[in-house]
Each structure stands twice: as structure tokens, then as C-alpha cells.
2 protein chains.
Amino acid sequence: MVENNNTTENQIFEAALKVFHKKGLAGARMQEIADEAGINKSMLHYYFRSKEQLFSQIFLQSFKRFIGGILPLLNADNTWEEKIPEIMGHYANVMQNNPHLAGFVISELRQNAGAFGDILKQNALLNSVFFKQLQEAIQKKEIRNVHPVQIWVSVISSIIFPYIAEPMVKVTLDLQGDNWDMFITNRKKIAADMIINYLKVF
Amino acid sequence: MVENNNTTENQIFEAALKVFHKKGLAGARMQEIADEAGINKSMLHYYFRSKEQLFSQIFLQSFKRFIGGILPLLNADNTWEEKIPEIMGHYANVMQNNPHLAGFVISELRQNAGAFGDILKQNALLNSVFFKQLQEAIQKKEIRNVHPVQIWVSVISSIIFPYIAEPMVKVTLDLQGDNWDMFITNRKKIAADMIINYLKVF
DNA sequence: GTCTATAAGGTGATAGAC
DNA sequence: GTCTATCACCTTATAGAC
């Protein structure tokens, strides 16, 4: 674990995060991580034993940041309607500061889904307050009868997909430079409105 | 190019497609492709010279299948409203038959965006009939004033994202087995309704 | 066209001096 | 803890026999 203030260990961890996020497990090179950290390659093995173990720690932290970050928002003390734009705003911020996070997690899971089974098996999302609020609203016929999972996937896909597919989206849709920031700003509002509108107007 | 009926060459191409789609450029091994094709490793170099060139052909074909496949639908002789569910149905079919296609294309572009610049520079989407129809409908105030690019991203993200993030989605949302097919079936209808509803009711 | 054998270089990992 | 040197293996690619 990287919890103490050992500078060298943290430097390696940060460098590894950067390289793994960009190149993935298969594409990353221990030498490149060492160079990125400005440190000797042997140190990587001294602190983390093997490439696999270093990757494993990076992946675990990344996955937690990707999924765990929204749990407080999902369980917060506000309405489902308020939660939707907050979730989108949260992910937009996370992606802005860490553009490769989502793509990294999803790519590695796709290429090697079995290896992380234990990390994933937690029904934290399904048991969240957000899901319960939606179920209640459906029972009270306040909103359209749609499975909360569908709503959830709509929420995250509409904001996360553009970042995962960023290179393709940018070029095929001419969203280079300032256009991109504008696109994301509009995206948050439009996607949230679209979902809320769909649920309430029926 | 793989156009003639040379069996060996096609066998290699199909095997390479399978392996590259699953493992990506960095993770794929020439030996694994040879084994998959049931053929000697030297044959790969005989027909495709290098790993890079073999990959390049696979990527190009995959990208065309991923993007090019919807162009006829976008330019078809029907309304924008009819096109939306058709696009989603098309992608659902493509993903069903080729589960790794989208993830492969997007992962490789993310890890090495610069290398494929020339393939991407085509405004086929922006100049399609679908985009023109949306612009017209906006001008006539028949639908809400939303940039067509936002509509487009909503359409594709809502159906493609679940497949790209399939391993994560399946486990975190308990969509194993039959639940998955049901989820996708519902997804197509809900996502299309959501977008059309948003555009028309304002 | 297809195979075996092998070259040439890269990559993860460790030993051992300091 | 940090470094240099080096091992052992893997991977792409080619040479050359058939």
C-alpha cells in the first residue's frame, strides 16, 4: 500500500499510474515507469516486487476512484432529481483531472475480466439510496416505470462515453480545442435534462 | 489487402482479428495468432511482413466496420425519428456478433491517437442526411434547439457504452445470464424513446 | 508456399557492491 | 535504500532447406 510518506515509493506509484493509464498493462514498460519517476529501474522491484503487483495496486486504486467516488453522492440526503446532475458533474470533474481513468479501467477489465472478479462483487450501486428513491418514485407513479438500472446506465454512459472515446469523438465530430469544453458543458446539462424529462413527462 | 480467396491469408487475417480484438496491439502475440490460425508463425510474416502491418490492416477494417456501417442508415430515405431506433438496432446487432469491436477500436485510438489521424479525418457524419434533417427540424422549431452532435452522442453512447463496459456493467449491476439480453432489449427501446421524447416535448 | 532453426533485440527480474 | 551489471526469457523477424 502507498500510505506512508516515503517519497520514492510515491514517486514510483504516481509514475506507474501515469504510464499504466496511458498504455495499459501490456503496453507499459517498467523502464518507462522508472524514467517517468526519475529513478532506477531496480527500485520498482524493490518496492513493488513485480510488474503484476505494481499494476494490481494501480488498478485497485483506479477502480475505487472510478466507482467508489460516486457512492457518497448516491447516498446523499437529497432527491433523485438533484442527484442526477451532481453525478454527471462529478464524473466530468474526475475525467477532466484524470482523462485516462475510465478508459484504463474499462480496457483492462475487457481484456482480462476474470482477474478482478472479487473487486467487482459488491452491490454498492444497487443498494444505494439513489436506486431506492427511484424505485419508490416508480411505485408512487411519480415517474415513468423504467428499471433503475436503465436510468443509471443512461446517466453514466452519456457523460463517460465521450471521454472514453475522446480521440474518435473529437475528430469525427470536429470538437477540437475550445469546441470540446463547450461540448462537455452542454453535454452535462442536456443529458441530465433528457433523463429527468423522460422520467417525469409520461 | 485480403480480397482474393487465398485460404491461408484469410485464415491468418481472421485469427489476427480475433486475437487483436481481445488483447489489443500490445497484448497480442504473433505466436498466438499463428496457433489460432493453425499455421506456422513464419507465414504471418510471409503474408503481412510485420506485426505492425498486420495490425494496421485489422484496425482499418475494424474502424470502417464500426463507423462506416451506419452511414447508409444515416443517409437513408426516412425521417430522423425513424433513424434513431434503427441506428441503435444496428449497433446492437454489430456488437452481438462482434462483442470486442467497439472496445478494440476505442482502446487502440486512446492508447495511440496520433497514428490514425488520416483515417479519421472525414466529415461523413457531420455531412450526413441525419444531421441535416435535425438541423432543419430545429430551424422549423419542430424539435428542441439542441446541437445535432449532442443528439448523435446520446444515441451512440447509450447503446455502445454498455457493450464496451460490459464486464463491469454485468457484475456491478447484476446483469449476468438472461438478464443481460433483457437489459439490452429494453435499453434499445428506452434510450430511443428518451431521446425522441426529449426532442419533441419542450 | 511452408517449414525449421536461429538471429537480434527487448523486457522483467535479481545479485551484489556501496 | 540505491545503484550497476547481468541473467534468463520472451518476442519479432529472417535465413535457408524443401
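Each chain gets a letter, A, B and so on, in the order its sequence line appears, and its residues count up from 1. The basis for the numbers below is simple: all heavy atoms, side chains too, and nothing from hydrogens, waters or symmetry mates. Note that the structure is predicted; figures quoted are calculated from it, not measured.
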Name every donor-acceptor pair, under 3.5 Å, that has one atom in a side chain of residues 195-202 of chain A and the other anywhere in the protein, sequence neighbours excluded.
| from | atom 1 | to | atom 2 | distance (Å) |
| --- | --- | --- | --- | --- |
| A:Lys200 | NZ | A:Glu81 | OE1 | 3.2 |
| A:Lys200 | NZ | A:Glu81 | OE2 | 2.9 |

Determine all donor-acceptor pairs shorter than 3.5 Å in which one atom belongs to a side chain in residues 58-69 of chain A; sequence neighbours excluded.
| from | atom 1 | to | atom 2 | distance (Å) |
| --- | --- | --- | --- | --- |
| A:Gln61 | OE1 | A:Arg65 | NH2 | 2.9 |
| A:Ser62 | OG | A:His21 | NE2 | 2.9 |
| A:Ser62 | OG | A:Ile58 | O | 2.8 |

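The nearest whole Å value for the distance from the CZ atom in A:Phe48 to the P atom in C:dT14 is 15 Å. Atom CG of A:Asn40 and atom P of D:dT2 are 10 Å apart (whole Å). In this structure, A:Gln31 atom CD and C:dG12 atom P are separated by 9 Å, rounded to whole Å. With rounding to whole Å, A:Ile12 atom CD1 is found 11 Å from D:dG1 atom P. Atom CD of A:Glu32 is separated from atom C1' of C:dG12 by 15 Å (rounded to the nearest Å). Spacing between atom CG of B:Leu44 and atom C1' of D:dT11 amounts to 13 Å, rounded to whole angstrom units. Going from atom CE of A:Met43 over to atom P of C:dG12 covers 17 Å, rounded to whole Å. With rounding to whole Å, B:Gln53 atom CD is found 15 Å from D:dT12 atom P.
Proximity of B:Tyr91 to B:Val155: side-chain heavy atoms (C-beta onward) are nowhere separated by under 4.5 Å.
In this structure a side-chain-to-backbone donor-acceptor pair under 3.5 Å is present from A:Lys51 to A:Ala28.
The side-chain contact (heavy atoms from CB on, under 4.5 Å) test applied to B:Ala26 returns A:Ala26, not counting sequence neighbours. The side-chain contact (heavy atoms from CB on, under 4.5 Å) search around B:Asn186 returns A:Gln150, B:Met182, B:Ile190, not counting sequence neighbours.
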Next item on the list: At under 4.0 Å between heavy atoms, which parts of nucleotides 13-18 of chain D does protein reach? Answer with one letter per nucleotide, 5' to 3': B base, S sugar-phosphate only, - none.
Entry: BBB---
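Listed by first then second residue, pairs satisfying ring pair (Phe, Tyr, Trp, His ring centres under 6.0 Å) with a partner in residues 168-190 of chain B read B:Tyr163-B:Trp180, B:Trp180-B:Phe183, not counting sequence neighbours.
Between C:dT2, D:dT2, D:dT11, one nucleotide has an atom nearer to the side chain of B:Thr8 than all others, and that is C:dT2. For A:Tyr47, the listed nucleotide lying nearest its side chain is D:dG1; candidates were D:dG1, D:dT4, C:dT11.
Within the nucleic acid shown, B:Ala34 has no heavy atom closer than 4.0 Å to any nucleic acid atom.
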